[in-house]
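Here the structure is a predicted model, which means the values were calculated and not measured. Both ligands and their constituent atoms are indexed starting at 1 by order of listing.
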Amino acid sequence: MRIDKLLKQKRTLSFEVFPPKKDGNAADGLFETVKRLKALSPDFISVTYGASGSNARDAAEISGFIKSIGTEPLAHLTGGPSSPDDIDRVATKLVSLGVENVLALRGDKPKDEDIEYCKYFKHASELESYIKKYGFCLGAACYPEGHSECETLYADLANLKKKEETGASFFITQIFYDNSYYYRLVGEARRMGINSPIIPGIMPITSTKNLPAVKSMCGSTIPLELRNMIEVYSGAPEVLREIGINYAVYQIIDLIAKGAPGVHIYTMNRADTAEAIYGRLENVFGRLFRA
Ligand code: FAD
């Protein structure tokens, strides 16, 4: 089912997974993870696409697997490393697997790889225009604290409007740990005439290993109270995990109370983390996410 249609009917619960780096049987573990995530009745599961385009095959196959077990996949696609031929190849495969939803992205040039970047698709909006012919329901990314390359949030929002005009019918946010950034983004987006649903993206910090990813990939602000707890309990992994899960639960309840159209959880391929959040929120998901 198309995600834009789903969002008109209900509040969505969704998860993100990424293809494992290694070839061979590495995908098997992820298939098990996906089966466990399915048991939590998500409305869709998204699959990331390597910034260098290297795991394109796996990404399409994983999306196909999600579809085959009766859950809706959202396949990410990055234009930065891709040629029109690459995109046609993956898009054709996604169509043949019955995938209806694509998150159109630019991607970031990997620092350690000497590859040509953004030769054909400079921005996500150009990829959207190109893949329109396949009839996917398109989504795109947005940034509660503004994208790192934009001087102001407003310049970034002007570009977000372009992504809506070129076909995005919903947005998923970069991770954030202070909900006020999300509320500001939604308020300003509406003021600028961007009307598509904006789904908040939540990634629990369950280990100090998550911190470099938060800092370098996303640059998201970690509020002082959360930072303090992480520092105090950095030597106690089981406490840190509780803190991360409880903080995510707190964020989600606040977001739902203020009318967010859904929640997207970046699972980092950890089914147990998604299960722990779901376990604490079962009543909320059961009551407020029903059609
Ligand atoms: P764009 O929309 O092209 O924006 C990039 C920058 O250019 C921004 O500063 C924007 O304001 C500006 N801009 C946009 N359009 C225009 C325009 N028309 N003219 C001038 N400037 C413009 N990366 C991956 O490699 N694989 C993934 O699977 C992946 N999934 C993601 C999922 C989500 C929900 C999010 C939030 C990010 C994801 N990323 C992924 C990371 C993403 O690729 C990076 O954040 C990247 O830097 C920007 O991608 P974008 O699609 O937002 O790019």
Side-chain angles (χ1 to χ4, degrees), residues 3 12 14-21 44-56 58-60 62-63 73-82 86-87 90 94 101-113 115 117-131 138-168 170-176 181-182 185 188-189 192 194 196-203 213-220 262-269:
I3 291 171
T12 56
S14 52
F15 300 120
E16 179 188 285
V17 296
F18 56 84
K21 279 206 173 88
F44 62 92
I45 298 178
S46 83
V47 184
T48 67
Y49 188 93
S52 60
S54 54
N55 60 4
D58 285 353
I62 292 161
S63 294
L74 167 62
H76 297 201
L77 210 49
T78 52
S82 309
D86 296 332
I87 296 297
V90 180
L94 291 173
N101 303 289
V102 165
L103 194 73
L105 299 144
R106 184 197 69 183
D108 287 317
K109 185 174 186 294
K111 287 186 187 79
D112 50 350
E113 286 184 42
I115 54 170
Y117 220 74
C118 292
K119 183 173 175 197
Y120 300 97
F121 303 105
K122 282 198 173 52
H123 290 292
S125 50
E126 293 179 15
L127 177 62
E128 285 176 343
S129 299
Y130 186 76
I131 54 174
L138 296 180
C142 64
Y143 302 85
E145 299 185 51
H147 186 262
S148 56
E149 291 163 30
C150 257
E151 279 193 8
T152 66
L153 176 68
Y154 298 95
D156 199 26
L157 283 171
N159 293 326
L160 191 68
K161 194 162 167 51
K162 285 181 201 155
K163 293 203 267 197
E164 188 178 59
E165 286 162 358
T166 46
F170 67 95
F171 297 106
I172 300 180
T173 75
Q174 183 56 282
I175 60 175
F176 57 89
Y181 288 115
Y182 171 79
L185 173 82
E188 294 306 306
M192 291 173 75
I194 300 165
S196 301
I198 299 176
I199 303 174
I202 299 293
M203 189 184 93
V214 173
K215 279 187 194 148
S216 68
M217 280 163 42
C218 327
S220 307
V263 176
H264 188 67
I265 300 176
Y266 292 84
T267 69
M268 304 295 282
N269 291 356

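- Near Ile172, meaning under 4.0 Å from any of its heavy atoms, are these atoms of ligand 1: 34 (C).
- Formation of a donor-acceptor pair under 3.5 Å by the Ser14 side chain with backbone atoms of Ile45 is not found in this model.
- Atom OG1 of Thr78 sits about 10.5 Å away from atom CZ of Phe121, to the nearest 0.5 Å.
- Every atom of ligand 1 with a heavy atom of Glu149 under 4.0 Å away is listed here by number and element: 6 (C), 9 (O).
- Residue-level proximity to ligand 1 for Ala124 is carried by backbone and side chain together, each with a heavy atom below 4.0 angstrom.
- Judged by the shortest distance from any of its heavy atoms, Leu103 lies inside the 4.0 Å radius around the atoms of ligand 1.
- Residues satisfying the salt bridge (Lys or Arg N to Asp or Glu O under 4.0 Å) test with Asp86, not counting sequence neighbours, are Arg89.
- Here His147 has side-chain heavy atoms under 4.0 Å from ligand 1, and that is the only part of it that gets that close.
- With a 4.0 Å cut-off on non-hydrogen atoms, Thr48 touches ligand 1 through its backbone as well as its side chain.
- Counting only distance, with no hydrogens or angles, the side chain of Asp156 and the backbone of His147 share a donor-acceptor pair below 3.5 Å.
- Relative to atom 14 (C) of ligand 1, the option among Lys162, His123, Lys161 with the closest non-hydrogen atom is His123.
- In terms of polar-atom proximity, Gln174 is not counted as a contact of ligand 1, lacking any N or O under 3.5 Å from an N or O of the ligand.
- Closest to atom 31 (C) of ligand 1 by heavy atom, among Leu157, Leu74, Leu77, Leu105, is Leu105.
- Applying the 4.0 Å criterion to heavy atoms of Ser125 picks out, from ligand 1, the atoms 18 (N).
- Although no hydrogens or angles enter the test, the distance criterion places no donor-acceptor pair under 3.5 Å between the side chain of Tyr143 and the main chain of Ser148.
- Annotation: Gly107 places an N or O atom under 3.5 Å from an N or O atom of ligand 1; distance criterion only.
- Thr48 and His76 form no side-chain donor-acceptor contact under 3.5 Å, judged by distance and modelled atom types alone.
- For ligand 1, the atoms sitting less than 4.0 Å from at least one non-hydrogen atom of Asp156 are 8 (C), 9 (O), 10 (C), 11 (O), numbered in the order shown with element in parentheses.
- Pairing each heavy atom of Ala124 with each of Ala104, the nearest pair is CB-O, 3.6 Å.
- Contact annotation: for His76 versus ligand 1, heavy atoms closer than 4.0 Å belong to the side chain alone.
- Considering Tyr49, Tyr143, Phe121 only, the shortest heavy-atom separation from atom 24 (C) of ligand 1 involves Tyr49.
- For Thr173 (side chain) and Cys142 (main-chain N/O), no donor-acceptor pair under 3.5 Å exists by modelled atom type.
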Check step by step if side chain to side chain contact (heavy atoms under 4.5 Å, CB included) holds for Phe170 and Leu138.
CA-CA 7 Å; Phe170 67 95; Leu138 296 180; over 6 Å; no

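- Near Thr78, with a cut-off below 4.0 Å to any heavy atom, the atoms of ligand 1 are 24 (C), 25 (O), 26 (N).
- Under 4.0 angstrom from ligand 1, the non-hydrogen atoms of Lys163 all belong to its side chain.
- In this structure, the side chain of Thr12 does not engage the main chain of Gly262 through any donor-acceptor pair within 3.5 Å.
- A ring-centre distance under 6.0 Å is not found for Tyr181 and Phe176.
- Here Leu160 has no heavy atoms under 4.0 Å from ligand 1, in either its backbone or its side chain.
- Of all the heavy atoms of Tyr266, the ones lying under 4.0 Å from any atom of ligand 1 belong exclusively to the side chain.
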